[in-house]
Amino acid sequence: MTDSSRSALRLALGLADPATADALAERLRPELLGALAHRFGLPEEMVEELAGPEPAGLRAALTADPEEWLLEVAALGDPAVGRALWSARYRPDWDVPVRAGDRVLPAVLEAADPWDERWYDEDGLLEAVEDEGGVPALLTALTCPFPRLIGYSAAMLGRWLPPSVMLDAMITVAELTGVEGLASFIRGLETTPELGDLGHPWLLDTLRQAVEAPDPESFLRERRPAGEWTDPAQVRALLMLRSGNGPSVAPAGLDWDLIRREHERLPFGQETGGTPDFRRGSRLLRLVRWEGCPADLVLESFRADPVETARADAALPFEALTERVMCNRWSLLSESLGRGIRAGRLPVEQVLAEVTPAEAVLDALPYDHEPTRKALGTLLARLGTDPVNWLTCYARIGRADGSVAELIADAVSTDTRRKRHTSWPRPAPAQFPAAPPENTRPTFLDMFQCASEEAQRAVVPYLDARAAQHLLVYGDPSPAVREALVAAHGRPALVAMAAAYRLPAEKVAYLLDLDEPEVDAQLFRYGNLDRSEQERVLAGRLRRGGTRPVPGEVLAVLDDLSVTHSRDRLTAGLGSGDIGVARRLVERLRLHIPATRLRLLVAVWERGGPDAVREILAMDRLPVTLRRRTEKLLDAPEGAERLRTWLAEEEAPERLLAYLTASVTDPGARLHRLRSEGLEPPWSALVAAQDAGPLAAGLLGALAKDPDCPRELLLPALAFGTGDGPDWARAALEDGRLTPEDVLARAAPARASLGLLRRYADDRPEPRPLCAVRDRAAALAREHLATDVEAWAVCLQLLPTFAGTLPELLATAGTLTRRHP
């Protein structure tokens with residue numbers, strides 16, 4: 001059975017009344033057992049035995065929480081069930097959540113009777129755990145009632161376990177078997193040299209003494225350190241850490257002194273066996289990620305593996321920042337400094353005074369952290385408003401070996417033979433398009449913006465063109481600093497600012513308000529202007545009022561734009577009327593829709609008169625019929641009005657509808673053309689046509705993908721969905737244009753309806769939105785299938801290939817059954 005057929009079977013059994021559901025379960029017992037076997041990962045005959053032979057029991061198992069059901073059968077203590085549950089853990093298609101596997105084995109072992117010989121059968125559970133069990137399973141086995149399994153697990157895990165946990169395992173063996181079990185464990189160690197001392201040199205002598213003691217159990221308890229490693233969760237976390245799969249967070253209440261002692265006994269990263277670790281010391285790396293990890297352990301990890309420790313989001317102590325390796329690896333500093341400063345572990349003032357090199361520190365500072373900006377600003381105050389200090393500081397950033405404080409002191413010092421700069425070192429022009437700053441430029445930009453406004457205004461006239469562009473585009477200068485920069489660098493600075501992708505909206509608005517031709521041209525080329533602003537620029541309308549001919553700078557951009565990638569930007573000029581814009585659009589674009597061509601000609605006439613229209617027609621780029629008919633209007637007294645009337649006719653909803661419905665093979669392409677040429681689909685006409693039609697399936701599918709598609713067209717489009725429901729249907733459900741009831745009633749094929757509703761329900765923690773749908777489905781089922789078990793079975797058999805809706809499927813199943821009882 002497929003996932004969808006299993007879901008359908010479960011739904012059918014839930015919708016039918018109990019008596020009919022029982023009869024249907026009996027009628028489809030093989031299918032139901034197959035679904036249950038898949039759900040629980042157990043053989044069909046075992047599921048039937050565990051759930052009981054009655055249909056009601058099988059139905060209850062189908063709707064039960066799978067994890068809880070498995071735990072219940074695990075608690076039966078049956079060796080065969082326990083072995084089957086162990087095998088189920090390894091099924092790649094197991095339906096049960098993975099976490100159930102970690103709970104099932106403890107439940108099985110806790111309920112097991114160790115005197116039942118079946119547990120020890122060849123290929124039984126004990127042998128399987130010994131042969132296949134990983135670290136979690138063997139850890140579970142340390143507290144089970146089987147001495148053999150305890151001893152095996154202790155031998156396999158002993159090197160990784162704290163002394164107190166090893167003693168606990170031996171105490172359990174003594175409880176269960178007395179001296180015999182301990183003696184057997186000792187013999188195993190003595191006869192298996194590769195096991196060695198299990199990482200505990202004292203263990204063998206202690207066990208030998210226990211064997212000789214009057215009360216071995218009491219002897220071992222007296223030597224067990226009180227209070228150490230008594231929490232199973234902490235032991236599990238430690239063991240998983242040792243095996244290379246440590247948890248990402250520390251267990252609650254962890255005693256770090258115990259961790260230190262374990263690290264001294266067996267340093268993390270020197271374990272053998274278990275899950276392979278491909279990075280040396282990676283277990284220690286996992287440990288330092290735990291919140292509260294002591295600084296000495298973090299520093300030790302850093303010295304062993306600075307790169308990975310810094311990337312591990314570890315709480316690096318200040319000492320690590322001054323290590324030589326950190327000075328040579330700026331990325332480590334960048335990844336660590338911000339976290340430490342924000343967390344309060346690294347005092348900003350001390351970082352600025354002691355950590356080196358200065359450029360790396362300045363790159364790594366968290367500039368969105370106000371205390372950091374304030375501390376750096378206080379230090380920068382030493383540079384004052386003297387541009388020479390600032391230019392000298394910039395020139396020396398890249399070669400400074402000392403701290404930030406030392407860099408500043410060096411920049412203001414006049415008692416030196418080193419060159420002091422009175423102009424920008426190695427000046428560079430602005431870039432088109434603007435690119436983020438590189439080398440020492442981003443460092444200077446971040447640092448500069450922490451200075452006082454007075455200092456910034458004094459220095460901006462000395463920036464080179466590229467630094468000015470970077471400050472305007474990537475920085476956030478105050479209005480006063482920005483005006484000082486523009487006053488010093490002039491219009492070229494604004495043009496360079498406009499040549500940037502994805503400028504913030506407030507910066508775009510500032511530039512647009514200037515109504516500067518070169519600025520508008522760069523914004524049109526690179527800026528994220530909305531459609532209305534694109535149309536305004538191409539129409540030559542000014543933000544402050546009035547109109548001008550579209551500047552040559554903007555027209556040059558139209559010449560350069562790629563038609564393939566920028567068609568929508570070009571079509572923003574269709575209503576411009578500017579002769580320069582119109583010429584370029586007619587030259588570069590193939591206009592598909594009559595209304596679009598006429599809109600361009602009407603706009604040109606209204607702005608430039610009939611002679612401007614003649615100029616466009618003379619380009620010989622428009623259809624012959626359109627040119628001839630338009631030429632006849634050019635000298636007519638009411639030619640312009642007649643041309644507008646013609647446009648109104650072509651823009652009428654019925655004409656646009658005719659354009660969309662003219663193509664049977666690719667209606668989606670026509671819809672795209674309509675949108676790309678600035679026209680809205682004629683929704684009202686489309687709805688009317690559907691009511692009278694219906695519309696072609698391909699056109700309905702294309703329209704349904706439009707986020708503005710009305711409900712009246714979405715409903716019939718549901719009949720042509722495929723798979724688990726198209727993306728547009730899920731989007732329409734999310735925004736409320738469709739309801740689950742619509743999907744139930746209209747979506748086809750029926751399996752897509754069920755899939756779409758299932759996915760809709762999975763996205764919602766609250767089942768209430770689907771209650772009405774379930775009630776409606778139950779009512780339809782009662783209407784068409786009633787209590788006829790054969791009709792229900794036929795319905796499920798038809799589902800995978802049925803092309804109609806779910807109500808149609810129910811009606812068909814009912815009709816077929818009545819016709820052929």
Side-chain angles (χ1 to χ4, degrees), residues 86 90 105 109 119-144 146-174 176-212 216 220 223-224 229 235-246 261-284 286-287 304:
W86 175 264
Y90 297 97
L105 181 62
L109 293 178
W119 291 108
Y120 306 93
D121 288 347
E122 184 177 355
D123 196 35
L125 180 62
L126 266 61
E127 183 177 295
V129 173
E130 290 174 353
D131 290 345
E132 306 167 7
V135 171
L138 294 179
L139 178 61
T140 297
L142 281 176
T143 55
C144 77
F146 295 97
R148 160 184 157 182
L149 203 50
I150 297 173
Y152 177 83
S153 300
M156 293 298 101
L157 303 178
R159 179 175 174 80
W160 300 350
L161 294 172
S164 53
V165 178
M166 282 297 289
L167 284 172
D168 286 338
M170 296 300 100
I171 290 169
T172 303
V173 171
L176 295 172
T177 64
V179 173
E180 291 79 5
L182 293 178
S184 175
F185 186 76
I186 293 170
R187 286 194 300 273
L189 292 183
E190 292 174 336
T191 57
T192 314
E194 59 268 24
L195 291 178
D197 58 15
L198 299 181
H200 303 283
W202 51 270
L203 180 62
L204 265 177
D205 286 340
T206 301
L207 293 180
R208 291 187 183 109
Q209 294 172 32
V211 169
E212 298 297 330
L220 293 174
R223 282 149 184 78
R224 200 258 190 234
W229 298 106
V235 176
R236 179 182 178 84
L238 172 67
L239 191 58
M240 297 309 294
L241 181 71
R242 289 288 196 192
S243 70
N245 295 291
R261 268 188 264 164
E262 271 299 287
H263 184 47
E264 291 170 1
R265 181 185 70 81
L266 177 62
F268 294 106
Q270 294 185 14
E271 300 87 345
T272 58
T275 303
D277 257 342
F278 298 105
R279 291 192 305 273
R280 185 178 179 183
S282 60
R283 291 158 172 89
L284 186 55
R286 287 183 171 91
L287 179 67

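Heavy atoms only: backbone and side chains are in, while hydrogens, waters and symmetry mates are out. Keep in mind the model is a prediction, meaning the values are calculated, not measured.
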- Task: Just do the side-chain contact (heavy atoms from CB on, under 4.5 Å) check on N245 and V135 with the steps written out, would you?
- Result: CA-CA 10 Å; N245 295 291; V135 171; over 6 Å; no
- Query: Roughly how far apart are Q209 CD and W202 CH2, rounded to 0.5 Å?
  - Reply: 11.0 Å
- Message: Suppose the criterion is salt bridge (charged side-chain N to carboxylate O under 4.0 Å, His left out): which pairs have a residue in residues 185-198, not counting sequence neighbours?
- Response: E190-R208
- Side chain proximity check, V173 to F185, heavy atoms < 4.5 angstrom: no
- Note on the structure: Rounding to 0.5 Å, atoms CE (M240) and CH2 (W160) come to a distance of 9.0 Å
- Contact check, side chains of L109 and W119, non-hydrogen atoms, under 4.5 Å: no
- Task: Find out whether I150 and C144 are in side-chain contact, i.e. whether some heavy atom of one side chain is under 4.5 Å from a heavy atom of the other.
- Result: yes
- Item | Residue pair L161, L238: steps toward the side-chain contact (heavy atoms from CB on, under 4.5 Å) verdict | CA-CA 8 Å; L161 294 172; L238 172 67; over 6 Å; no
- Message: When you compare the side chain of L203 with that of L198, does any pair of heavy atoms fall below 4.5 Å?
- Response: yes
- Is any side-chain heavy atom of L182 less than 4.5 Å from a side-chain heavy atom of T177? no
- Message: Taking R242's backbone N and O only, do any of them form a donor-acceptor pair with R283's side chain (distance below 3.5 Å, no angle check)?
- Response: yes
- Note on the structure: By side-chain contact (heavy atoms from CB on, under 4.5 Å), D131 pairs with (sequence neighbours left out) E127
- Note on the structure: Separation between CG (L239) and CG (L139), nearest 0.5 Å, reads 5.0 Å
Donor-acceptor pairs under 3.5 Å, side chain of residues 162-172 to any protein atom, not counting sequence neighbours: which ones?
from: S164; atom 1: OG; to: E228; atom 2: O; distance (Å): 3.4
from: D168; atom 1: OD1; to: R224; atom 2: NE; distance (Å): 2.9
from: D168; atom 1: OD2; to: R224; atom 2: NH2; distance (Å): 2.8
from: T172; atom 1: OG1; to: D168; atom 2: O; distance (Å): 3.0

- Expected output: side-chain R286 to main-chain G244 donor-acceptor under 3.5 Å: yes
- Of all heavy-atom pairs linking W86 and A137, the shortest is CH2-CB, 3.8 Å
- Item | Partners meeting side chain to side chain donor-acceptor pair (under 3.5 Å) with E130 (sequence neighbours left out) | R148
- For E180, does its backbone N or O pair with a side-chain atom of S184 as donor and acceptor, under 3.5 Å? no
- Message: Between R261 and E264 (salt bridge meaning N to carboxylate O under 4.0 Å), is one present in this structure?
- Response: no
- Item | Closest contact, heavy atoms only, W229 versus V235 | O-CG2, 3.8 Å
- Sorted by chain and residue number, the side chain to side chain donor-acceptor pair (under 3.5 Å) partners of H263 (sequence neighbours excluded) come out as E300
- With M156, which residues qualify under side-chain contact (heavy atoms from CB on, under 4.5 Å), at least two apart? L138, Y152, L195
